[in-house]
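Residue numbering restarts at 1 for every chain, and letters A, B, ... go by the order of the sequence lines.
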Number of protein chains: 2
Amino acid sequence: MFLSIGDLAVRTGVKVPTIRYYESRGLLAAPLRSAGNQRRYGRAELERLGFIRHARDLGFSLEAIAALIELQDHPDRACTSATRIAQDQLGAVREKIRRLRALESELARIAEGCTGDGAARDCYVLASLADHDLCTQDHPIEAKSSTQVS
Amino acid sequence: MFLSIGDLAVRTGVKVPTIRYYESRGLLAAPLRSAGNQRRYGRAELERLGFIRHARDLGFSLEAIAALIELQDHPDRACTSATRIAQDQLGAVREKIRRLRALESELARIAEGCTGDGAARDCYVLASLADHDLCTQDHPIEAKSSTQVS
DNA sequence: TGTAATCTCTCTAGTCACTAGAGGTTCAAG
DNA sequence: CTTGAACCTCTAGTGACTAGAGAGATTACA
């Protein structure tokens, strides 16, 4: 089995430039090359990229994935940190859902309060955004998290 | 009322470099300057920045905010587009919640399936990520959206 | 064997919404 | 008048890619 980077891309659903990017970030080892310097992949790389893909779909950062891969490469180590990474991610996702729900109700109130047929001067959307006091509930003051939903 | 950029930052909760960034992006007009070239703000800028802050908290992109501001500056126009922007944003938030909920249950299954006291070779977290077939439900294949939850 | 189409190579730069830092100037309090 | 905080501009970095240029490799078919 010798796959070109394009074959690998089709099989995993990861785009070609993204595969090269992962290699540059150290998530994939530099593969064999053809006589003409093109990348050639085997089953191991296919599986590893599938792993990365799946973890990315679940919102893990590349940093977290690198840690998980490190662990995969050392099967004798305790899997405590893998569990912690997954639990951290779960916590981050739950927090994000919580915040998005607050935004949802606030936005629904704003969007549905306006029929859209008036002039901008009377627009409830604009008024709501201009005056925080119209909020029925407070939405959060910016906090940092790195989970992406894409 | 003449506020320095630092005063404005304290009053709105927007950081100083972010205020300058908004100015560079055209969301805030270039303000008056002191004799020594420092920015001086009045009530109008305070309100506008509050508007931007509120909209950002609700996840609107700077592009969307620019469109809303444009509308604010022309109160005679119909507010149709403001309503559409808000509804688009609401739709994006709902979609994001939907996807995050799928991730949540998948992650909960993975994270709770592992006690964390075994070796990496037997880790359920790693196995789940390596083998997509273990998924009880499918989580989405990467789709594009620009709403950020921060 | 020739050739054309497609793929692949490296490299740089752009995206979004900031954030950090360097190196210098201005302001307000004491 | 001095000190120290706040301000100025500018550049570069973040994460996770994405886009494009310009050149070389591979493959299918005649």
Side-chain angles (χ1 to χ4, degrees), chain A residues 2-28 30-41 45 49 52-67 89 92 96 141-150, chain B residues 2-28 30-41 49 52-67 69 89 92 96 141-150:
Chain A
F2 280 105
L3 303 172
S4 71
I5 196 168
D7 297 335
L8 191 65
V10 169
R11 294 234 203 172
T12 57
V14 177
K15 289 180 193 150
V16 168
T18 306
I19 296 172
R20 287 195 278 250
Y21 173 72
Y22 287 165
E23 184 185 326
S24 80
R25 300 278 84 199
L27 287 160
L28 289 171
L32 295 174
R33 297 283 182 140
S34 73
N37 198 38
Q38 298 192 355
R39 292 167 178 82
R40 292 293 176 258
Y41 298 94
E45 286 99 333
L49 188 53
I52 296 171
R53 173 74 211 280
H54 193 183
R56 283 296 297 136
D57 281 352
L58 289 170
F60 288 87
S61 68
L62 295 191
E63 194 188 354
I65 295 172
Q89 177 62 13
K96 196 162 275 192
I141 303 283
E142 209 70 359
K144 230 27 234 187
S145 120
S146 66
T147 324
Q148 61 295 134
V149 190
S150 75
Chain B
F2 280 106
L3 303 171
S4 71
I5 196 168
D7 296 335
L8 191 65
V10 169
R11 295 236 204 171
T12 58
V14 177
K15 289 181 192 152
V16 168
T18 305
I19 296 173
R20 287 195 279 251
Y21 173 73
Y22 286 165
E23 185 185 325
S24 79
R25 301 278 84 198
L27 287 160
L28 289 171
L32 296 173
R33 296 284 182 139
S34 72
N37 198 36
Q38 298 192 356
R39 291 169 179 82
R40 291 293 176 258
Y41 298 94
L49 187 53
I52 296 170
R53 173 73 210 279
H54 193 183
R56 283 296 295 137
D57 281 351
L58 288 170
F60 287 87
S61 69
L62 295 190
E63 194 188 355
I65 294 171
I69 284 175
Q89 178 63 15
K96 197 163 277 191
I141 302 284
E142 208 72 359
K144 239 2 240 196
S145 123
S146 65
T147 325
Q148 62 291 135
V149 191
S150 76

Between [X] and [N], is there a contact of a side-chain N or O with OP1 or OP2 at under 4.0 Å?
{"X": "A:Y22", "N": "D:dA16", "answer": "no"}
{"X": "B:T18", "N": "C:dT19", "answer": "yes"}
{"X": "A:K15", "N": "D:dC17", "answer": "no"}

Which residues satisfy the side chain to side chain donor-acceptor pair (under 3.5 Å) test with A:E63, sequence neighbours excluded? none
Rounding to a whole Å, what distance do you find between [X]:[atom1] and [N]:[atom2]?
{"X": "A:Y21", "N": "D:dA16", "atom1": "OH", "atom2": "C1'", "answer": "4 Å"}
{"X": "B:F60", "N": "C:dC16", "atom1": "CZ", "atom2": "P", "answer": "18 Å"}
{"X": "B:I65", "N": "C:dA17", "atom1": "CD1", "atom2": "C1'", "answer": "10 Å"}
{"X": "B:I19", "N": "C:dA20", "atom1": "CD1", "atom2": "C1'", "answer": "17 Å"}
{"X": "B:E23", "N": "D:dC7", "atom1": "CD", "atom2": "C1'", "answer": "13 Å"}
{"X": "B:L27", "N": "C:dC16", "atom1": "CG", "atom2": "C1'", "answer": "13 Å"}

Nearest non-hydrogen partners of B:P31 and B:R40, listed with the distance: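 Closest approach of B:P31 to B:R40: CB-O, 3.6 Å.
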Please give me the minimum heavy-atom distance between B:L28 and B:L49, naming the atom from each residue. CD1-CD1, 4.1 Å
Between atom [atom1] of [X] and atom [atom2] of [Y], what is the distance when rounded to the nearest 0.5 Å?
{"X": "B:L58", "Y": "B:R53", "atom1": "CG", "atom2": "CZ", "value": "10.5 Å"}
{"X": "A:K15", "Y": "A:Y21", "atom1": "NZ", "atom2": "OH", "value": "14.0 Å"}
{"X": "B:R39", "Y": "B:R33", "atom1": "CZ", "atom2": "CZ", "value": "4.0 Å"}
{"X": "A:I52", "Y": "A:L27", "atom1": "CD1", "atom2": "CG", "value": "5.0 Å"}

Are any protein N/O atoms closer than 3.5 Å to N/O atoms in nucleotides 21-24 of chain C? If there are, list each pair with its distance.
none

Sidechain-backbone polar pair: A:R20 side chain, A:S24 backbone, donor-acceptor under 3.5 Å: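 Side chain of A:R20 to backbone of A:S24, a donor-acceptor pair under 3.5 Å: no, none is there.
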Base contacts versus sugar-phosphate-only contacts with protein, heavy atoms under 4.0 Å: please encode nucleotides 2-11 of chain C as B, S and - from 5' to 3'. ------SSB-
Would you give me the side-chain donor-acceptor pairs under 3.5 Å for residues 3-14 of chain B, sequence neighbours excluded?
{"from": "B:S4", "atom 1": "OG", "to": "B:G6", "atom 2": "N", "distance (Å)": "3.3"}
{"from": "B:S4", "atom 1": "OG", "to": "B:D7", "atom 2": "N", "distance (Å)": "3.2"}
{"from": "B:S4", "atom 1": "OG", "to": "B:D7", "atom 2": "OD2", "distance (Å)": "3.2"}
{"from": "B:D7", "atom 1": "OD2", "to": "B:S4", "atom 2": "N", "distance (Å)": "3.1"}
{"from": "B:T12", "atom 1": "OG1", "to": "B:L8", "atom 2": "O", "distance (Å)": "2.8"}
{"from": "B:T12", "atom 1": "OG1", "to": "B:V14", "atom 2": "N", "distance (Å)": "3.3"}

The side chain of A:S34 lies closest to which of these nucleotides: D:dT26, C:dC18, D:dC17?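 Selected nucleotide (nearest to the side chain): D:dT26.
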